[in-house]
Amino acid sequence: MNNYSEKFEKMRVAGKLAAKTLDMLTENIKEGISTEFIDKLGYEFIRDNGGYSAPLFYRGFKKSLCTSLNHVVCHGVPTTERALKEGDVLNIDVTAIVDGYYGDTSRMFCVGEVSVKANNLINATYESMMKAINILRPGIKLGDIGNEIQTYVESKGFSVVRDFCGHGISNVFHEHPNVLHYGKKNTGIELESGMTFTIEPMINVGKYDVKILNDGWTAVTKDKSLSAQFEHTIGITENGYEIFTKSDKNYSRPPYK
Ligand code: MF3
Ligand code: CO
Ligand code: CO
């Protein structure tokens, strides 16, 4: 036992529900459905499994999850006006609250066949997140995380979005520290056991610049290039880390088979 085991137990429960929600959605993603329908499925699943969707009414957000299509970087707002079509790449970002604690996770989904470029982007984004997760343990610095992601992503010719970052998370949705997805080794605060935060790199085919649409939420790439993202909620343990938002079905990245 240690002084964070109760917190970790609650993070595990919330993280598992968020991951299960994405697992459920995986079976439902197909050409012709609207992002609003995805929102409804997610909302009901989380509610029916003892949780609440954190984005709903968060700072005026009116939907239960984020659906970010193609050149949308993050915070895409579900709508009936957009049906999925062949070649689309979609990020679905789910945050569940259970017993006051938060589990925040996102994955990419492909509709039918997608371009080679899109597949490469998705793979590089996933790999960058996992490379960063793999170095986690007490004693490393926050900057080591960003450095790991940036070095890998730029070696593939892609760019790391600067305007959004990972975040501390526990019984608060977004809290200290900011977890940047770029940076220098051996800079920033030192990680300690018991810390809980997200890693959620947003990676673009083109330049890293983003702009926010008039709805006040949807962030898109300025150059309209494709963008991808994955997210896990993680805890730092005595000698490493625990991923709270892992899939029971081993769904990690497309193709989900
Ligand atoms: N889930 C997002 C994150 O990873 C936050 C979404 S806030 C919302 O931090 F209001 F846009 F839903
Ligand atoms: Co997050
Ligand atoms: Co999220």
Side-chain angles (χ1 to χ4, degrees), residues 11 14-23 25 35-36 38-43 45-47 51-69 72-79 90-98 101-109 125-126 128-130 132-133 136 142 145-146 149 160-181 195-203 210-220 227-235 241 243-247 251-253:
M11 296 294 288
K16 186 162 284 278
L17 178 54
K20 273 182 189 299
T21 306
L22 287 176
D23 290 351
L25 290 172
T35 52
E36 167 80 26
I38 296 170
D39 187 74
K40 177 177 180 283
L41 290 177
Y43 171 80
F45 186 85
I46 291 172
R47 181 201 59 197
Y52 185 79
S53 291
L56 189 58
F57 308 130
Y58 178 77
R59 298 183 180 209
F61 197 77
K62 290 187 177 61
K63 299 291 169 177
S64 294
L65 45 76
C66 297
T67 48
S68 301
L69 264 167
V72 179
V73 172
C74 63
H75 302 163
V77 184
T79 169
L90 172 70
N91 174 278
I92 304 178
D93 190 339
V94 167
T95 313
I97 313 174
V98 184
Y101 280 75
Y102 290 71
D104 188 7
T105 183
S106 82
R107 297 179 203 148
M108 296 301 295
F109 297 87
T125 306
Y126 180 76
S128 76
M129 175 181 71
M130 293 314 292
I133 290 174
L136 297 174
L142 217 45
I145 296 174
I149 293 168
V160 178
V161 169
R162 306 296 203 260
D163 291 7
F164 299 96
C165 56
H167 48 92
I169 182 170
S170 57
N171 56 353
V172 177
F173 195 171
H174 296 107
E175 64 184 358
H176 178 81
N178 282 339
V179 181
L180 304 188
H181 302 117
M195 284 181 171
T196 48
F197 55 85
T198 72
I199 298 182
E200 49 179 301
M202 283 141 275
I203 308 301
V210 309
K211 64 174 186 191
I212 310 289
L213 300 186
N214 287 334
D215 61 13
W217 282 103
T218 311
V220 299
S227 188
Q229 181 178 27
F230 287 86
E231 175 174 25
H232 270 314
T233 299
I234 285 140
Y241 62 87
I243 302 177
F244 298 123
T245 44
K246 252 179 105 131
S247 165
Y251 288 162
S252 56
R253 60 170 137 179

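Side chains included, hydrogens not; waters and symmetry mates left out as well; all remaining heavy atoms used. Each ligand, and each atom within it, is numbered from 1 in the order the structure gives.
One N or O on the side chain of Thr35 and one on the backbone of Thr79 form a donor-acceptor pair closer than 3.5 Å. Side-chain atoms of Asn91 do not come within 3.5 Å of backbone N or O of Ala228 as any donor-acceptor pair. With His176 contributing its side chain and Gly168 its backbone, the two residues share no donor-acceptor pair below 3.5 Å. Not one N or O on the side chain of Ser64 forms a donor-acceptor pair closer than 3.5 Å with the backbone of Leu56.
When every heavy atom of Gly51 is checked against every heavy atom of Val98, the shortest pair comes out as CA-CG2, 4.2 Å. Across all non-hydrogen atoms, the minimal contact from Thr196 to Ser170 is OG1-CB, 3.8 Å.
Closest to atom 3 (C) of ligand 1 among all protein heavy atoms lies Asp104 OD2, 3.4 Å. If you check which protein heavy atom lies closest to atom 12 (F) of ligand 1, you get Pro55 CB, 3.0 Å. In this structure, atom 9 (O) of ligand 1 lies nearest to the protein heavy atom His174 NE2, 2.7 Å. Ranking protein heavy atoms by distance to atom 7 (S) of ligand 1, first place goes to Tyr58 CD2, 3.8 Å.
Put simply, the side chain of Arg162 does not reach to within 4.5 Å of the side chain of Val210, judged on heavy atoms. Under the 4.5 Å side-chain criterion, counting only non-hydrogen atoms from C-beta, Thr67 is not in contact with Asp39. Gln229 is not listed as a side-chain neighbour of Ser68, based on a closest heavy-atom distance of 4.5 Å or more. Contact of the Tyr126 side chain with the Met108 side chain is not registered, since no non-hydrogen atoms from C-beta on lie closer than 4.5 Å.
Close approach to Glu231 involves these atoms of ligand 1, each under 4.0 Å from a residue heavy atom: 4 (O). If you number the atoms of ligand 1 from 1 as listed, the ones under 4.0 Å from a heavy atom of Thr95 come out as 1 (N). Close approach of ligand 1 to Glu200 is summarised as follows: ligand atoms under 4.0 Å from at least one heavy atom of the residue are 3 (C), 4 (O), 9 (O).
Taking all heavy atoms of Phe173, Phe61, Tyr102 into account, the minimum distance to atom 8 (C) of ligand 1 is reached by Phe61. Nearest to atom 1 (N) of ligand 1 by heavy atom, out of Leu65, Val77, Asp93, Thr233, is Asp93.
Below 30°, between 30° and 60°, or above 60°: for Phe173 and Tyr102 the angle between ring planes is below 30°, a parallel geometry.
Polar contact with ligand 1: absent for Trp217 (N/O pair, distance under 3.5 Å). Considering backbone and side-chain N/O of His167, one or more are found under 3.5 Å from N/O of ligand 1.
Contacts with ligand 1 closer than 4.0 Å are made by side-chain heavy atoms of Cys66 only, the backbone lying farther away.
Residue His75 places a heavy atom less than 4.0 Å from ligand 1.
Salt bridge Asp23/Arg107: present, at least one basic N to carboxylate O contact under 4.0 Å.
Within the protein, the N, O or S atoms sitting under 2.8 Å from the Co ion (ligand 2) are Asp104 OD2, His167 NE2, Glu200 OE2, Glu231 OE2.
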